Amino acid sequence: DAGVIQSPRHEVTEMGQEVTLRCKPISGHNSLFWYRQTMMRGLELLIYFNNNVPIDDSGMPEDRFSAKMPNASFSTLKIQPSEPRDSAVYFCASSLVGQGEAFFGQGTRLTVV
Amino acid sequence: KQEVTQIPAALSVPEGENLVLNCSFTDSAIYNLQWFRQDPGKGLTSLLLIQSSQREQTSGRLNASLDKSSGRSTLYIAASQPGDSATYLCAVDNTDKLIFGTGTRLQVFP
């Protein structure tokens, strides 16, 4: 398996624009997580899905953030409208419920100017 | 609310030393604990996973221990090498989601 695949790897956008980050989990995994990493706050869990269903979105900072998982092999994290303080590295991870070991993608470095 | 702390925040050592990185957590009702490595500008690489019923796991020069009752885990790195330089993160899973510590930034110099 190619591991967790995220796209794009880098994104630079202007304030106010919509940004969509994409994630393909490891085949067979049934949990998917979106994290955000900044120097100030470290790794923060934004939202996670079990079997394509959002379980906990308490980490989503504002209504500008939304996430979907339309099927077991694809998820998106959308920010609309984007703001400079959203600049961070966004990671997607997947795992098998009950087995625990999580595998991370390479991340998307988002810069909002 | 689960809180995870890692000590020290940064560590710089000469090559060949044996190291201990510490991780503590406030809620001992965990499913497992995982140690990761992160190189600058890169993603996270899983190093070791310790299930709640286990006391330790080993992989090569790495050994991780878990003491649930005291809310602690240690990552032991034997005979450190410059290639071990990275940030090491521990994460606990107690509700099917991983909560991360802030990491230990390790530099091993030749």
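Note that the coordinates shown come from a computational prediction; the quantities given were computed from them, not determined experimentally. So you know, we letter chains A, B, ... as the sequences are listed, proteins then strands, and number each from 1.
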**OP:** Could you tell me whether the side chain of B/Ser85 and the main chain of B/Val108 form a donor-acceptor pair under 3.5 Å?
**Re:**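 Pair found, side chain donor or acceptor close to backbone of B/Val108.
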
Original post:
So, the side chain of B/Glu3 versus the backbone of B/Thr26: is there a donor-acceptor pair under 3.5 Å, distance only?
Top reply: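 Flag not set: sc B/Glu3 to bb B/Thr26 has no pair under 3.5 Å.
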
Taking the side chain as C-beta and beyond, is there a heavy-atom pair between [X] and [Y] under 4.5 Å?
{"X": "A/Val19", "Y": "A/Tyr90", "result": "no"}
{"X": "B/Ile30", "Y": "B/Phe25", "result": "yes"}
{"X": "B/Ile77", "Y": "B/Leu106", "result": "yes"}
{"X": "B/Ser69", "Y": "B/Asp67", "result": "yes"}
{"X": "B/Gln6", "Y": "B/Leu89", "result": "yes"}

**OP:** Might you point out which heavy atoms bring A/Phe91 and A/Leu43 nearest each other, and give the distance in Å?
**Re:** CD1-CD2, 4.0 Å

**OP:** Taking all heavy atoms of B/Ser80 and all of B/Glu15, pick out the closest pair and write down the distance.
**Re:**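 Heavy atoms of B/Ser80 and B/Glu15 come nearest at O-CG, 3.5 Å.
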
Original post:
Under the side-chain contact (heavy atoms from CB on, under 4.5 Å) criterion, do B/Thr104 and B/Thr87 qualify, and how do the steps go?
Top reply: CA-CA 5 Å; B/Thr104 293; B/Thr87 297; over 6 Å; no

**OP:** Sort A/Gln37 into side chain, backbone, both or neither according to what part of it lies under 4.5 angstrom from a heavy atom of chain B.
**Re:**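 Looking at A/Gln37, just its side chain touches chain B.
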
Original post:
How many angstroms lie between atom CE of A/Met69 and atom CG of A/Asn50, to the nearest 0.5 angstrom?
Top reply: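 If we round to the nearest 0.5 Å, A/Met69:CE and A/Asn50:CG are 9.5 Å apart.
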
Subject >> Atom pair SG (B/Cys90) and CG (B/Leu98), whose distance is rounded to the nearest 0.5 Å >> reply: 10.5 Å

Subject >> Contact residues of residues 32-66 of chain B (partner chain A; heavy-atom separation under 4.5 angstrom) >> reply: B/Asn32, B/Gln34, B/Phe36, B/Gln38, B/Gly41, B/Lys42, B/Gly43, B/Leu44, B/Ser46, B/Leu49, B/Gln51

Subject >> Neighbourhood of chain B inside residues 106-113 of chain A, taking heavy atoms under 4.5 Å as contact >> reply: A/Gln106, A/Arg109

Subject >> Residues in residues 52-67 of chain A that sit under 4.5 Å from chain B, counting heavy atoms only >> reply: A/Asp56

Original post:
Can you list every salt bridge (charged side-chain N to carboxylate O under 4.0 Å, His left out) pair that touches residues 21-50 of chain A, not counting sequence neighbours?
Top reply: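 Of all non-adjacent pairs touching residues 21-50 of chain A, those that pass salt bridge (charged side-chain N to carboxylate O under 4.0 Å, His left out) are A/Arg36-A/Glu44, A/Arg41-A/Glu44.
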
